[in-house]
Amino acid sequence: MITRTEEEIQAALAAISQRIQEPQINQRRNAAVKEGYKEAIHILCNRIESLDDIPTRCHSVQSRAIAVLAVDFLHGECEHHILCGVPIKKL
């Protein structure tokens, strides 16, 4: 297991914050992605490294999957472009 550096975590947080600023994420069809990214920010900020410690605030499979990707990122099991690359549905 690789532990992420502070710089890597901050870069991922910045990329997620950019995704949350995209106008389409506020559409109802993207609610699960937004919820997942908000949870990912919580996970990264609090360095939650156990799947058992993921709060149950995620109400959909997609949002939980994004939360799991955040934990995987902290473990070095996926890169931040994977975590930040969840598609946002366009019109």
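Starting from 1, each residue takes its place in the sequence as its number.
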[X] to [Y] - nearest heavy-atom pair and separation:
X     : Y     : result
Val71 : Glu49 : CG1-O, 3.6 Å
Ala40 : Ile66 : CB-CG2, 4.2 Å
Ile41 : Ser17 : CD1-OG, 4.4 Å

From [X] atom [atom1] to [Y] atom [atom2], the distance as rounded to the nearest 0.5 Å:
X     : Y     : atom1 : atom2 : answer
Ser50 : Leu74 : OG    : CG    : 11.5 Å
Ile43 : Leu51 : CD1   : CG    : 8.5 Å
Ile16 : Lys38 : CD1   : NZ    : 13.0 Å
Leu44 : Tyr37 : CG    : OH    : 11.0 Å
Asn26 : Gln21 : CG    : CD    : 8.5 Å

### Task
Flag the pair Arg19 and Glu22 as a salt bridge only when some basic side-chain nitrogen lies within less than 4.0 angstrom of an acidic carboxylate oxygen.
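Looking at Glu22 together with Arg19, the answer is yes, because their closest N to O distance falls below 4.0 Å.
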### Task
Look at atom CZ of Arg47 and say whether more than 12 heavy atoms of other residues, nucleotides or ligands are closer to it than 6.0 Å.
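Correct, the count exceeds 12.
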### Message
Please check this pair: side chain of Asn30 against backbone of Gln24, looking for a donor-acceptor N/O pair closer than 3.5 Å.
### Response
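The answer is yes, because a donor-acceptor pair under 3.5 Å joins these two groups.
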Only distances under 3.5 Å count here; give the side-chain donor-acceptor pairs of residues 7-14 to other protein atoms, sequence neighbours excluded, each with its distance to 0.1 Å.
residue, atom, partner, partner atom, Å
Glu8, OE1, Thr5, N, 2.8
Glu8, OE1, Thr5, OG1, 3.3
Glu8, OE2, Arg4, NH1, 3.4
Gln10, NE2, Glu6, OE2, 2.8

### Sole candidate of Glu39, Lys34, Glu35 that passes side chain to side chain donor-acceptor pair (under 3.5 Å) when paired with Ser63
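With Ser63 as partner, Glu39, Lys34, Glu35 yield a single side chain to side chain donor-acceptor pair (under 3.5 Å), made by Glu35.
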Side-chain donor/acceptor pairs under 3.5 Å, residues 79-91, sequence neighbours excluded:
none

